[in-house]
*Asks:* 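I'd like to ask you about the structure that follows.
Just so it is clear, the structure is predicted and the values come from calculations on it, not from any experiment.
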Amino acid sequence: MIRRLQERLGVTSIVVTHDLKNAFHVADRIAYLHEGRIYFQGTPEELRRSSDQLLQDFLLGRSDERRL
């Protein structure tokens with residue numbers, strides 16, 4: 001529904017979610033927040049290709065208790 005509205009009405013949407021499947025489906029750009037700041041911003045493909053360990057852990061659903 002979000003993607004259809006974007007295309008039909010030409011609107012910009014801001015979606016806050018932990019649902020990565022839907023985020024990658026509706027997003028043209030993604031921002032990842034960490035410790036209250038934007039840690040990453042870019043396209044879904046740039047996020048997928050990132051070698052940054054924090055981003056990869058998030059994408060793979062892993063947590064590092066040392067950071068908690």
*Asks:* For Leu33, check side chain to side chain contact (heavy atoms under 4.5 Å, CB included) against everything at least two apart and list the hits.
*Replies:*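 Leu33: side chain to side chain contact (heavy atoms under 4.5 Å, CB included) contacts with Ile38.
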*Asks:* Mind checking side chain to side chain contact (heavy atoms under 4.5 Å, CB included) for Thr12 and listing every partner two or more places apart, or none if nothing turns up?
*Replies:* none
*Asks:* Give, for atom OG1 of Thr43 and atom CD of Glu46, the distance between the pair rounded to the nearest 0.5 Å.
*Replies:*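 Atom-to-atom, Thr43:OG1 and Glu46:CD are 3.5 Å apart.
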*Asks:* Starting from Phe24, can I reach Tyr32 by hopping between I/L/V/M/F/W/Y residues whose side chains sit under 4.5 Å apart?
*Replies:*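 Yes: a chain of side-chain contacts under 4.5 Å links Tyr32 to Phe24.
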*Asks:* Go through the structure and list residues passing ring-ring contact (aromatic ring centres under 6.0 Å, His included) with Tyr39, not counting sequence neighbours.
*Replies:*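 Once residues adjacent in sequence are excluded, the partners of Tyr39 under the ring-ring contact (aromatic ring centres under 6.0 Å, His included) criterion are His34.
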*Asks:* If hydrophobic clusters are built by linking Ile, Leu, Val, Met, Phe, Trp and Tyr wherever their side-chain heavy atoms come under 4.5 Å apart, do Val26 and Ile30 end up in the same one?
*Replies:*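 Each belongs to a different hydrophobic cluster.
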*Asks:* Regarding Asp52 and Gln56, do their side chains bring together a donor and an acceptor under 3.5 Å, going by distance alone?
*Replies:*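 The answer is no; no qualifying pair exists.
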*Asks:* Does Glu45 have any salt bridge (charged side-chain N to carboxylate O under 4.0 Å, His left out) partners at least two apart in sequence or in another chain, and if so, which?
*Replies:* Arg48
*Asks:* Side-chain heavy atoms under 4.5 Å apart, restricted to Ile/Leu/Val/Met/Phe/Trp/Tyr: what other residues fall into the cluster of Met1, or is it alone?
*Replies:*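 Hydrophobic cluster check, Met1: joined to Leu5, Leu9, Val11.
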*Asks:* Could you grab the distance from atom CG of Leu47 to atom CZ of Phe40, nearest 0.5 Å is fine?
*Replies:*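 Going from the CG atom of Leu47 to the CZ atom of Phe40 covers 4.5 Å.
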*Asks:* About how many Å separate CZ of Phe58 and NE2 of His18, when rounded to the nearest 0.5 Å?
*Replies:* 5.0 Å
*Asks:* Which residues pass the salt bridge (charged side-chain N to carboxylate O under 4.0 Å, His left out) test with Asp28, not counting sequence neighbours?
*Replies:*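 Expected list: Arg3.
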*Asks:* Applying salt bridge (Lys or Arg N to Asp or Glu O under 4.0 Å) as the test, list every pair that has at least one member in residues 4-25; sequence neighbours left out.
*Replies:*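 Checked against salt bridge (Lys or Arg N to Asp or Glu O under 4.0 Å) - neighbours excluded - no pair reaches residues 4-25.
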*Asks:* How far apart are the closest heavy atoms of Ala27 and Pro44, and which atoms are they?
*Replies:*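 Minimum heavy-atom separation between Ala27 and Pro44: O-CG, 3.4 Å.
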